[in-house]
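Working notes for the structure below.
The figures that follow rest on heavy atoms only: side chains count, while hydrogens, waters and symmetry mates do not. Residues: numbered from 1 along the sequence shown. Predicted model only: the values in this text are computed from it and were never measured.
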Amino acid sequence: MNEKDTKDTDEINLLDLIVVILKRKKLILGITLAAASITALISLVIPPVYRAETRILPSKLGGSSAIGLLSQISGMSDLSFGALGIKTTEDLYIGMLKSRTIADRIIDRFDLMKLYDTESREDARNILGSALKVSTDKKSGIITIGIEDKDPKRAAEMANAFVEELKNLTKGLAITEASQRRLFFEEQLKEVREALAKAEEDFRSFQERTGALEVKEQAKAVIESIANLRAQIAAKEVQLKVMRTYLTPNNPELKKAEEELKALRAELSKLEASGANSPDPLIPTGKVPKVSTEYARKLRELKYYETLYELLSKQYEIARLDESKDAVLIQVIDKAIPPEKRVKPKRKLMVAVATLTGFFTSVLLAFFIEYIQNASRSPENRERIEAIKSYMTFRQRKV
């Protein structure tokens, strides 16, 4: 077949297609108009849905020098360093907006179980979650909170209610790094205060029981030095724990801190060795070795808790000041108002899609009908069609 014959064949095939479409134009037009008309009626019956939106700008989290402050306190194993990580994205606020706590408050506030006609709170949460649309602009940090509802006024009220509940929730949560530190120091202060009171009581009882009323200045200075060194070592250990979370093992700053800790421990060992053989002459004779050792231990413990309590008190006050500076502020840029235009149903789009779908479906149906008619004219194809019909028919078997 030459190029001319191929071109003629293509033209004939194209003409055949046009002929089939024109031949079945009533069928195609009827199905297309029916699909468009039915969809248009359905779109008119569907109740309109409105979306009210409010835009907020939450303050950034973090910014306090937690690492520098933590390096001055003793190492308490209860501190979770991962919990003190600085949060810098708006994902935290979006997660809070989608939390079960805020959802339940909105459900109770607007009686949504009755409005949504649900028997369980979980179903109401799911419907509310579908109506809630939250997005964020990564460049500006602005969060958009949208609520879809059949009542435009209620949609605006619910959107504004989400902002109010978000503010109430942030007030009761320690979401800033400073507030987390403040809670940690507050808990540790309570424990150290109790330990200090116990150490003071033990020391007083020991003095009354043994008659050891005081220690000479040289021995006292050694004991206080030991207590201070222990507190410094504990603080340096915390500093190293924090530094290892963001520095590599070969970092010069980390190496320097490790050497400082090693030197402090060596100095403590020397002091403890020199102070172990320094009995106090004011302690009754005959009990000097035993009583002086216990006296030194109790005094050292008392001085340790006094130093630790003083350090924690300072850090607690610093954390409180930082918390007031880092207070979460949620600024409302655009307050939600009742929308004038619906977002659903999109009638023009529905009708356009239905029209195109109906047209292409009817064209395919027209070609299928034409193919069946042409195939039935051939004896072989007629037999095949009859066989297909027989297999598609369920016949009752004879007994």
Side-chain angles (χ1 to χ4, degrees), residues 46-63 82-118 120-180 326-347 349-350:
I46 296 176
V49 176
Y50 300 88
R51 180 188 295 174
E53 292 183 341
T54 177
R55 291 176 176 83
I56 62 173
L57 180 63
S59 62
K60 298 293 182 181
L61 299 181
L84 296 179
I86 298 175
K87 304 173 181 67
T88 58
T89 67
E90 287 71 30
D91 294 339
L92 172 64
Y93 297 98
I94 294 178
M96 293 171 66
L97 285 167
K98 294 181 179 180
S99 66
R100 177 170 53 85
T101 301
I102 289 185
D104 287 344
R105 293 178 183 178
I106 298 294
I107 290 172
D108 295 336
R109 187 167 174 175
F110 292 90
D111 197 11
L112 295 184
M113 290 185 64
K114 181 178 179 182
L115 178 66
Y116 293 154
D117 192 20
T118 59
S120 68
R121 185 174 288 268
E122 184 175 356
D123 292 338
R125 289 194 206 106
N126 293 333
I127 298 175
L128 179 61
S130 300
L132 175 64
K133 310 295 180 182
V134 185
S135 60
T136 179
D137 187 341
K138 296 298 183 182
K139 293 183 178 179
S140 63
I142 295 175
I143 297 176
T144 301
I145 305 170
I147 288 291
E148 295 182 356
D149 195 85
K150 298 177 182 178
D151 186 347
K153 182 180 178 182
R154 184 170 58 231
E157 292 175 349
M158 290 175 64
N160 292 325
F162 266 95
V163 178
E164 295 174 9
E165 295 300 339
L166 178 62
K167 290 180 179 180
N168 294 334
L169 185 60
T170 55
K171 291 178 182 177
L173 294 178
I175 62 175
T176 65
E177 179 268 339
S179 60
Q180 292 176 16
D326 292 347
V328 177
L329 297 177
I330 299 176
Q331 304 175 73
V332 179
I333 299 175
D334 294 326
K335 190 175 182 180
I337 59 175
E340 298 178 357
K341 296 182 179 180
R342 67 182 184 277
V343 292
K344 296 178 183 178
K346 298 180 179 180
R347 292 168 181 165
L349 180 61
M350 290 177 62

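The distance from the CG atom of Leu128 to the CZ atom of Arg121 is 11.0 Å, given to the nearest 0.5 Å. Note: Ile330 CD1 to Met96 CE = 7.0 Å, rounded to the nearest 0.5 Å. Residue Ile46 holds its CD1 atom at 10.5 Å from NZ of Lys150, rounded to the nearest 0.5 Å. Rounding to the nearest 0.5 angstrom, the gap separating the CD1 atom in Ile333 from the CD1 atom in Ile142 is 3.5 Å. Residue Ile56 holds its CD1 atom at 4.0 Å from CD1 of Ile145, rounded to the nearest 0.5 Å. Distance check: Arg125 CZ to Asp104 CG gives 4.0 Å after rounding to the nearest 0.5 Å.
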task: Dump the intermediate steps for side-chain contact (heavy atoms from CB on, under 4.5 Å) on Lys167 and Val332, then the final yes or no.
output: CA-CA 11 Å; Lys167 290 180 179 180; Val332 179; 4.2 Å; yes
task: Starting from the C-alpha separation in whole Å, work towards a yes-or-no answer on salt bridge (charged side-chain N to carboxylate O under 4.0 Å, His left out) for Asp91 and Lys138.
output: CA-CA 10 Å; Asp91 294 339; Lys138 296 298 183 182; 3.7 Å; yes
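The nearest pair of heavy atoms linking Leu169 to Arg105 is N-NH1, 4.0 Å. Nearest approach of Leu57 to Gly141, heavy atoms of both residues: CD1-O, 3.9 Å. Scanning all heavy atoms of the two residues, the minimum distance from Ala124 to Met113 falls at CB-CG, 4.0 Å.
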Anything under 3.5 Å between a donor and an acceptor, one on a side chain of residues 334-347, the other on a protein residue two or more places apart or in another chain? List them.
| from | atom 1 | to | atom 2 | distance (Å) |
| --- | --- | --- | --- | --- |
| Arg342 | NE | Pro345 | O | 3.2 |
| Lys344 | NZ | Glu148 | OE1 | 3.3 |
| Arg347 | NE | Ser43 | O | 3.2 |

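Taking the side chain as every heavy atom from C-beta outward, Phe110 and Leu115 never approach each other to under 4.5 Å. Residues Ile127 and Leu112 form no side-chain contact, since every pair of their non-hydrogen atoms from C-beta on lies 4.5 Å or further apart.
Shown here is Arg100, whose CZ atom has no more than 12 heavy atoms of other residues, nucleotides or ligands within 6.0 Å. At most 12 heavy atoms of other shown residues, nucleotides or ligands fall within 6.0 angstrom of atom CG in Asp117.
The side-chain hydrogen bond (donor to acceptor under 3.5 Å, both in side chains) test applied to Asp123 returns Ser120, not counting sequence neighbours.
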